[in-house]
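Atoms within a ligand are numbered from 1 in the order they appear, just like the ligands themselves. For clarity, every value in this text was computed on a predicted model and none was experimentally measured.
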Amino acid sequence: MRFLSRRLVMPNDLNFAGSLFGGRILEWIDEEAYIFAACQLDAKSLVTKHIGAIAFETSAYQGDVVEFGLGVKKVGKTSVTLTCVVRNKQTKQNICVADDIVFVHIDPETRTPQPHGKTKAELDALPIETPA
Ligand SMILES: CC(=O)SCCNC(=O)CCNC(=O)[C@H](O)C(C)(C)COP(=O)(O)OP(=O)(O)OC[C@H]1O[C@@H](n2cnc3c(N)ncnc32)[C@H](O)[C@@H]1OP(=O)(O)O
């Protein structure tokens with residue numbers, strides 16, 4: 001699992017109880033997972049098809065830095081299945097784990113599934129890119 005991205009919990013990310021809103025975490029997971037899947041497959045036309053399981057494990061609060069870990073679980077013909085862990089950067093405690101996040105590669109014109117042409121072995125062999 002690669003922890004490649006971080007976000008700061010801001011006042012407008014909080015719920016009525018003053019902790020990080022679950023809906024905001026899901027929004028961030030969808031975006032972070034899309035970016036990861038698009039970079040791994042080197043493709044832009046991906047849509048979220050399915051999120052299999054979500055577990056909120058601990059709360060986060062204003063001023064916390066959270067980091068996103070992503071890994072490829074399965075690679076199909078048109079789909080890729082990911083796992084995402086959101087954790088507190090400082091304590092390393094998991095905040096949320098989202099499993100079986102499925103993205104489907106589609107034709108941008110017809111919006112129908114199209115083979116992405118990648119295998120799990122190819123994705124596993126990709127180097128970790130960090131900003132220069
Ligand atoms: C980044 C974003 O937020 S995008 C916005 C939110 N998402 C969307 O708007 C997507 C809306 N959905 C759709 O347009 C359609 O459902 C499509 C085009 C994605 C897929 O259509 P389907 O008829 O399900 O396609 P199809 O049955 O061929 O399945 C495509 C792939 O998804 C997989 N799949 C389909 N349903 C599921 C499911 N419930 N769980 C896991 N995988 C699934 C299939 O196994 C297949 O994978 P493979 O080709 O790698 O073997």
> Looking only at side chains, do D99 and T83 share a donor and an acceptor under 3.5 Å apart?
yes
> Can you find an N/O atom of Y34 closer than 3.5 Å to an N/O atom of ligand 1?
no
> Below 4.0 angstrom, counting only protein heavy atoms, does anything approach atom 45 (O) of ligand 1?
no
> Which residue from V104, T81, T110 reaches closest to atom 32 (O) of ligand 1 through any of its heavy atoms?
V104
> I want to check something: taking the side chain as every heavy atom from C-beta on, are V9 and L14 in contact at a cut-off of under 4.5 Å?
yes
> Checking contacts now, so for atom 23 (O) of ligand 1, which I'm interested in, is there any protein heavy atom under 4.0 Å?
no
> Check the pair E31, R7 against salt bridge (Lys or Arg N to Asp or Glu O under 4.0 Å), reporting the backbone distance first and the verdict last.
CA-CA 12 Å; E31 184 182 339; R7 286 187 196 238; 3.3 Å; yes
> Identify the closest protein heavy atom to atom 43 (C) of ligand 1: which residue and atom is it, and at what distance?
K49 CG, 4.1 Å
> Has F21 got more than 12 heavy atoms of other residues, nucleotides or ligands less than 6.0 Å from its CZ?
no
> If the cut-off is 4.0 Å to any non-hydrogen atom of D30, which atoms of ligand 1 fall inside it?
2 (C), 3 (O)
> For ligand 1, which atoms have a heavy atom of V102 less than 4.0 angstrom away?
41 (C), 42 (N)
> Report the nearest protein non-hydrogen atom to atom 40 (N) of ligand 1: residue, atom name, distance rounded to 0.1 Å.
H50 CG, 3.4 Å
> Heavy-atom distance under 4.5 Å between the side chains of V85 and F68, does that happen here?
no
> Is L41 linked to Y34 within one hydrophobic cluster, defined over Ile, Leu, Val, Met, Phe, Trp and Tyr using a side-chain heavy-atom separation of less than 4.5 Å?
yes
> So which protein heavy atom does atom 26 (P) of ligand 1 come closest to, and at what separation?
P113 CG, 4.2 Å
> Hey, is atom 11 (C) of ligand 1 under 4.0 Å from any protein heavy atom?
no
> Can you list the atoms of ligand 1 that are under 4.0 Å from a heavy atom of T78?
30 (C), 31 (C), 46 (C), 47 (O), 48 (P), 49 (O), 50 (O)
> Is the number of heavy atoms from other residues, nucleotides or ligands within 6.0 Å of CE (M10) greater than 12?
no
> Do ligand 1 and K77 have nitrogen or oxygen atoms that lie under 3.5 Å from each other?
yes
> Check each atom of ligand 1 against the heavy atoms of R111 and keep those under 4.0 Å away; list them by number with element.
18 (C)
> Any protein heavy atom sitting closer than 4.0 Å to atom 4 (S) of ligand 1?
yes
> Decide whether an N or O pair under 3.5 Å exists between T112 and ligand 1.
no
> Does atom NZ (K74) have a neighbourhood of more than 12 heavy atoms from anything else shown, all under 6.0 Å?
no
> Taking atom types as modelled and ignoring hydrogens, do the side chains of D100 and T81 form a donor-acceptor contact shorter than 3.5 angstrom?
no
> For T48, state whether at least one heavy atom is located under 4.0 Å from any atom of ligand 1.
yes
> Give the atoms of ligand 1, by number and element, whose distance to some non-hydrogen atom of G76 is under 4.0 Å.
50 (O)
> Considering all protein heavy atoms, does one lie under 4.0 Å from atom 14 (O) of ligand 1?
no
> Applying the 4.5 Å side-chain criterion to the ILVMFWY set and letting contacts propagate, would L26 and L70 be lumped into a single cluster?
yes
> So, taking the atom named CD in E32 and the one named SG in C84, what distance separates them when rounded to the nearest 0.5 Å?
7.5 Å
> Which heavy-atom pair separates W28 from V66 by the least distance, and what is that distance?
CZ3-CG2, 4.0 Å
> Using a heavy-atom cut-off of under 4.0 Å, does the side chain or the backbone of E31 touch ligand 1, or both, or neither?
neither
